[in-house]
Amino acid sequence: MAKPYDFKTIEAKWQKRWEETEAFKVSEDPSRPKYYCLEMYPYPSGQIHMGHVRNYSIGDVVARYLRMRGYNVLHPMGWDAFGLPAENAAIEHGIHPAVWTEENIRYMRYQLKRMGFSYDWDREVDCSSADYYKWGQWFFLKMYEKGLAYRKASFVNWCDSCQTVLANEQVEAGLCWRCEGVVTQKELEQWFFKITDYAEELLQDLDHLPGWPERVKVMQRNWIGKSLGAEVYFPMANGRGEIPVFTTRQDTLFGATFMLLAPEHSLARGLSQGTAYEAVVAAFVERMKREDKILRTAIDTEKEGVFTGTYAINPMTRERIPVWLANFVLLEYGTGAVMAVPTHDQRDFEFAKKYGLPLRVVIQSAEADLSEETMERAYEGEGYLVNSGQFNGMPSEKAKEAIVDYLEREGLGKRAVQYRLRDWGISRQRYWGNPIPVIYCESCGAVPVPYEDLPVILPRDVEITGKGGSPLAAVPEFVNVPCPHCRQPARRETDTMDTFVDSSWYFLRFTSPHVEDTPINKRLANYWMPVDQYIGGIEHAILHLLYARFFTKVVRDLGLVNVDEPFTNLLTQGMVIKDGAKMSKSKGNVVDPEDILEKYGADTARLFSLFAAPPEKDLDWSDRGVEGAFRFLNRIYRLVSQHSVLLKRGRKGIPFTDLMVGKGLYRKTHQTIKRVTEDIEDEFHFNTAISALMELVNEVSQFSLDGDPASREEKVFVLDEALETILLLLSPFAPHLCEELWAELGHSESIFAKAWPCYSEEVIQEEKVLIVVQVDGKVRGRLVLPAASSEGEVQEAALSNERVKKFLQGREIAKVVMVPKRLVSIATRAGE
RNA sequence: GCGAGAGUGGCGGAACUGGCAGACGCGCUGGACUUAGGAUCCAGUCCGCCUUAGGCGGAUGGGGGUUCAAAUCCCCCCUCUCGCACCA
């Protein structure tokens with residue numbers, strides 16, 4: 001009896017072999033095209049999950065396939081090792097974050113190796129090691145020098161359960177992206193990266209990324225949120241200064257009947273001073289300050305405001321218009337003040353109705369037929385101008401231009417661009433992160449740590465309680481340092497950097513992970529960059545992918561790399577779900593890769609996660625499906641073992657044209673090469689590639705060596721071709737099994753040293769084709785004809801087919817459509 | 001509300017540029033081998049109707065349209081998923 005498929009022994013054997021032979025170690029090689037294949041590195045949470053298995057299996061197929069296609073493939077792996085869970089572990093289990101992280105990395109590295117992923121482990125990066133975070137600090141200092149890192153006091157998103165600040169991108173629907181805790185506003189001094197300096201380029205360059213999914217680009221565009229409009233100056237009625245506003249609807253300027261300021265606006269309280277409204281305004285401002293900002297500015301919160309007691313002048317109509325404060329006006333966007341046009345802006349409309357403020361229609365349209373008295377909501381569409389002086393009658397789109405021209409000419413305003421994107425707040429009041437390299441001195445202020453003093457080492461000996469601010473503040477040896485300038489006693493910054501800073505450049509470090517005098521070796525970075533294929537979850541559509549793009553542009557401007565964009569092609573893989581829901585502990589539907597590895601092995605785990613769905617779609621986990629994948633590998637194992645003795649003996653090639661009984665299998669083999677190759681090339685449709693392989697395996701199983709001894713030699717030849725081709729085509733998916741069987745067939749070299757197979761155009765051509773015959777749109781006959789048949793012959797055969805004739809009886813042929821090698825379609829009309 | 005994407009057997013999913021809808025896998029049914037089978041192999045498996053060989057009709061969320069021909073193109077509607085959400 002044949003020996004069983006002992007995946008444990010096989011997988012361990014080849015993993016050892018690959019490690020010993022350094023099979024996946026790469027260096028630059030000018031003789032081959034380079035390919036940088038990267039998957040998002042994991043947070044070392046303790047063990048890999050199915051999402052990792054899927055993500056990294058996809059990447060590994062790409063890497064192994066392209067190696068076989070002759071590319072010099074960089075395929076590295078590392079650890080997003082800073083972060084909050086390590087501190088939580090410290091609080092809960094009293095284990096030091098560094099130890100916890102180290103242990104997790106060790107175990108997860110072992111797990112990834114057991115999956116057989118073809119990483120160049122020599123390039124492994126751990127961003128919690130000083131070798132790495134030193135350079136994060138270095139980038140901070142460079143950015144500080146260029147004015148791209150700055151400190152300011154502002155209201156920031158505060159997650160109480162994480163006890164830290166969050167960037168805007170890290171707040172989802174008012175909740176913390178990590179723990180889903182409620183996020184509130186807190187005023188703090190924070191460090192920011194000036195990502196807004198790159199807003200326009202980040203937006204423009206999205207158009208140069210055809211290899212990115214449209215939806216990711218749309219999300220980034222929306223997030224950057226560019227608006228074209230005008231800044232308009234509204235003078236105060238009392239002659240004391242003016243209030244600038246930003247608007248995209250300068251065509252409605254004549255309809256601005258009041259103004260609204262954010263409650264936090266610097267003028268908010270001053271305006272009411274000395275008026276009867278002073279106390280009311282003060283109370284409103286105080287109340288707004290206490291109210292939760294996210295709730296206050298949520299769309300379903302009722303609009304609310306107070307009159308400041310002062311008036312501004314509408315620069316077009318010269319009317320006095322009241323200035324109010326309103327809860328829904330945001331200080332951070334535009335100028336923190338807006339002109340209110342209740343007739344053509346729904347928010348202003350609601351506000352005006354509530355407080356009895358005046359309305360004036362300035363855009364009219366035939367369909368809408370607006371009047372101040374009857375309108376029940378604002379008209380925000382296009383139209384032509386009315387009540388707008390010299391601009392009356394002008395289409396609104398044209399008026400936008402004409403009015404902004406007028407404003408500029410008269411000095412009343414100017415063209416302006418606004419972005420929704422805010423600067424990236426990077427301070428985190430946590431221990432397990434990269435220390436911000438700044439020292440605060442009484443006399444010199446904030447002083448950057450000199451380059452020669454880097455890295456600022458994260459001290460080991462700290463107490464982590466999860467309460468009362470940054471743990472680093474309680475470490476005197478860390479905090480108390482002399483000022484680098486004046487040598488007077490000073491204090492270190494005790495906040496650490498957002499971990500997204502680390503992941504914003506790790507792909508650059510992979511190109512030269514061991515260099516010591518610079519974060520990135522320029523020559524190596526330029527050789528490997530950009531990443532040709534990046535693979536990861538859609539959840540980073542904005543966060544990580546926007547930060548990494550920003551960082552790449554900064555690094556470029558520092559002269560360390562000459563690419564504008566880090567990732568040429570992006571694949572966002574779907575989630576792994578089970579029983580209709582995302583796997584989660586609370587739902588109890590988690591499948592542990594460990595169990596799959598134990599029961600079926602790595603090749604099965606990989607194969608199933610690639611077969612069950614195309615990579616970009618969600619994958620529905622099915623235990624039965626896994627067994628199916630396992631069965632398929634078993635079949636191949638049996639098939640090869642069964643014939644190996646015979647095939648090993650060596651065989652001579654037979655030209656295709658000389659084949660008799662083996663022609664069919666040989667052709668199918670070549671057709672499969674074509675299909676698998678194209679499915680991989682065409683957007684990584686691994687599921688259909690694998691099904692093509694299954695078809696070939698089915699055909700091989702049907703193929704019998706018995707029968708006429710004269711044709712035996714030929715049969716052995718085509719069988720051998722088929723089996724070797726199956727192994728080659730399957731090797732990126734199930735590398736261990738294919739290596740094993742490849743050796744079993746008598747090859748001494750690794751299967752991965754072998755080139756990807758080619759197919760012959762001549763061989764894949766079928767000799768006979770199936771022609772479908774339709775009569776009036778319905779299939780009425782099927783003809784098997786020589787592929788070389790002429791149109792006339794095909795038509796002749798179709799018309800003389802018995803069944804077709806039956807349906808043509810008593811009818812007249814109106815039209816015959818011929819599709820070569822596919823079908824004949826006959827349309828009829830009633831005959832006489 | 002705005003934006004993007006998706007609806008195909010019992011299930012996961014195929015289907016080139018409009019050209020046999022349901023590849024491949026799972027499940028299910030029957031059979032072979034067997035002490036046994038939850039191993040393996042073989043056959044069948046969209047639905048309905050006609051007694052059968054075989055045939056007829058219907059079917060890709062719903063309704064209309066273009067076409068010799070529509071899962072695919074156009075219009076209207078329904079459902080689901082994701083993203084953004086008072087950004088002036």
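Everything quoted here is computed from the prediction, not taken from an experiment. Throughout, a chain's letter reflects where its sequence line sits, starting with A, and its residues are numbered from 1. The figures here come from the full heavy-atom set of this structure, side chains too, leaving out hydrogens, waters and symmetry mates.
The residue A/L260 sits apart from the nucleic acid: no heavy atom pair falls under 4.0 Å. A/T297 comes within 4.0 angstrom of a nucleotide base, judged by non-hydrogen atoms across all strands. Within the 4.0 angstrom heavy-atom criterion, only backbone atoms of the sugar-phosphate kind lie near A/R215; the bases stay farther away. When heavy atoms are screened at a 4.0 angstrom cut-off, A/V218 is found touching the sugar-phosphate backbone but no base atom. Within 4.0 Å of A/A298, counting heavy atoms only, lies at least one base atom of the nucleic acid. At the heavy-atom level, A/G628 lies under 4.0 Å from the strands shown only through sugar-phosphate atoms. Across all strands, A/R822 comes closer than 4.0 Å to base atoms (heavy-atom distances). Among the atoms of the strands shown, none is found under 4.0 Å from any heavy atom of A/N634. Heavy atoms of A/R675 sit nowhere under 4.0 angstrom from any nucleic acid atom. At the heavy-atom level, A/V329 lies under 4.0 Å from base atoms of the strands shown. Within 4.0 Å (heavy atoms only), A/F807 reaches sugar-phosphate atoms of the nucleic acid but no base atom. The residue A/E695 sits close only to the backbone: its heavy atoms come under 4.0 Å of sugar-phosphate atoms, none of a base.
For A/S227 and B/A88, the shortest distance from a side-chain N or O to OP1 or OP2 is below 4.0 Å. Distances shorter than 4.0 Å separate none of the side-chain N or O atoms of A/K617 from OP1 or OP2 on B/U81. At least one side-chain nitrogen or oxygen of A/Q702 sits closer than 4.0 Å to the OP1 or OP2 atom of B/C42. The phosphate of B/C87 has OP1 or OP2 within less than 4.0 Å of a side-chain N or O from A/R347. Taking 4.0 angstrom as the limit, A/N687 places none of its side-chain polar atoms (N or O) nearer than this to OP1 or OP2 of B/G25. Residue A/N698 has a polar side-chain atom (N or O) positioned under 4.0 Å from OP1 or OP2 of B/G25. The side chain of A/R249 places no N or O atom within less than 4.0 Å of a non-bridging phosphate oxygen (OP1 or OP2) of B/A88.
Distance CG (A/L330) to C1' (B/A85): 12 Å, rounded to an integer number of Å. If you take CD of A/E214 and C1' of B/G83, they are 14 Å apart, rounded to a whole angstrom. In this entry the distance linking CG of A/D776 with P of B/C68 reads 11 Å, nearest Å. Rounded to an integer number of Å, the gap from CZ of A/F611 to P of B/G25 is 7 Å. In this structure, A/K578 places its NZ atom 18 Å from P of B/C26, rounding to the nearest Å. The nearest whole Å value for the distance from the CG atom in A/D620 to the P atom in B/G10 is 17 Å. Spacing between atom CG of A/L421 and atom P of B/A85 amounts to 13 Å, rounded to whole angstrom units. The CG-P distance, from A/D423 to B/C87, rounds to 21 Å in whole Å.
For A/E332 and A/R422, the salt-bridge test passes: some basic side-chain N is under 4.0 Å from an acidic carboxylate O.
Searching all strands for a Watson-Crick or G-U wobble partner of B/A4 with both distances below 3.5 Å returns B/U81. Base pairing analysis places B/A59 opposite nothing; no Watson-Crick or G-U wobble pair with both distances below 3.5 Å involves it. In this structure, B/C33 makes no Watson-Crick or G-U wobble pair, since no nucleotide meets both defining distances under 3.5 angstrom. B/A21 makes up no base pair with any nucleotide shown, lacking Watson-Crick or G-U wobble contacts both under 3.5 Å. With a 3.5 Å ceiling on both atom-pair distances, B/U72 lacks any Watson-Crick or G-U wobble partner. Pairing for B/G9 is absent, with no Watson-Crick or G-U wobble pair whose two atom distances lie under 3.5 Å. Under the Watson-Crick or G-U wobble criterion, with both distances below 3.5 Å, B/A15 is left unpaired in every strand shown. Pair assignment for B/C28: B/G44, on the basis of Watson-Crick or G-U wobble contacts that are both within less than 3.5 Å.
Nearest to the side chain of A/M694, among B/A23, B/C20, B/G25, sits B/G25. Distances from the side chain of A/R782 to the nucleotides B/A88, B/C20, B/U40 place B/C20 closest. If you check B/A88, B/G12, B/A14 against the side chain of A/A612, the one that comes closest is B/G12. For A/S825, taking side-chain heavy atoms from C-beta onward, the closest of the listed nucleotides B/C82, B/A85, B/G19 is B/G19. When distances are taken from the side chain of A/R638 to each of B/U40, B/A85, B/C20, the shortest belongs to B/U40. Across B/C86, B/C20, B/G13, the shortest atom-to-atom separation from the side chain of A/P614 is found for B/G13. With distances taken from any side-chain atom of A/R631 to the nucleotides B/C86, B/G25, B/U40, the minimum falls on B/U40. Here the nucleotide nearest the side chain of A/R780, chosen from B/C20, B/G57, B/A39, is B/G57. Side-chain atoms of A/L823 lie closest to B/G19 of the nucleotides B/C87, B/C56, B/G19. Considering only the side chain of A/N327, B/C86 comes nearest among B/C86, B/A88, B/C87.
In this structure a side-chain-to-backbone donor-acceptor pair under 3.5 Å is missing from A/K400 to A/Q250. Side-chain atoms of A/R667 come within 3.5 Å of backbone atoms of A/Q765 as a donor-acceptor pair (strictly under, hydrogens ignored). In this structure, the side chain of A/R377 does not engage the main chain of A/T343 through any donor-acceptor pair within 3.5 Å.
A ring-centre distance under 6.0 Å is found for A/Y355 and A/W324. The aromatic ring centres of A/Y547 and A/W424 sit less than 6.0 Å apart.
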Exercise for review: Determine, stepwise, if the pair A/N698 / A/R635 fulfils side chain to side chain donor-acceptor pair (under 3.5 Å).
Suggested key: CA-CA 9 Å; A/N698 287 342; A/R635 277 184 80 186; 2.8 Å; yes
Practice item. For the pair A/L730 and A/I636, evaluate side chain to side chain contact (heavy atoms under 4.5 Å, CB included) and give the outcome as yes or no after the intermediate values. Key: CA-CA 10 Å; A/L730 187 66; A/I636 292 177; 3.5 Å; yes
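Around CD of A/E683, the count of heavy atoms belonging to other residues, nucleotides or ligands within 6.0 Å does not exceed 12.
Taking the nucleotide of RNA chain B with the nearest heavy atom to each of A/Y419 and A/Q774, the more 5' of the two is matched to A/Q774. Annotation: of the two residues near RNA chain B, A/T335 and A/M219, the 5′-most nearest-nucleotide partner is A/M219.
Interatomic distance, A/L785 CG to A/E796 CD, rounded to the nearest 0.5 Å: 11.0 Å.
For B/G57, the glycosidic angle deviates from 0 by more than 90°, giving an anti base.
A donor-acceptor contact under 3.5 Å links the side chain of A/R422 to the base of B/C87.
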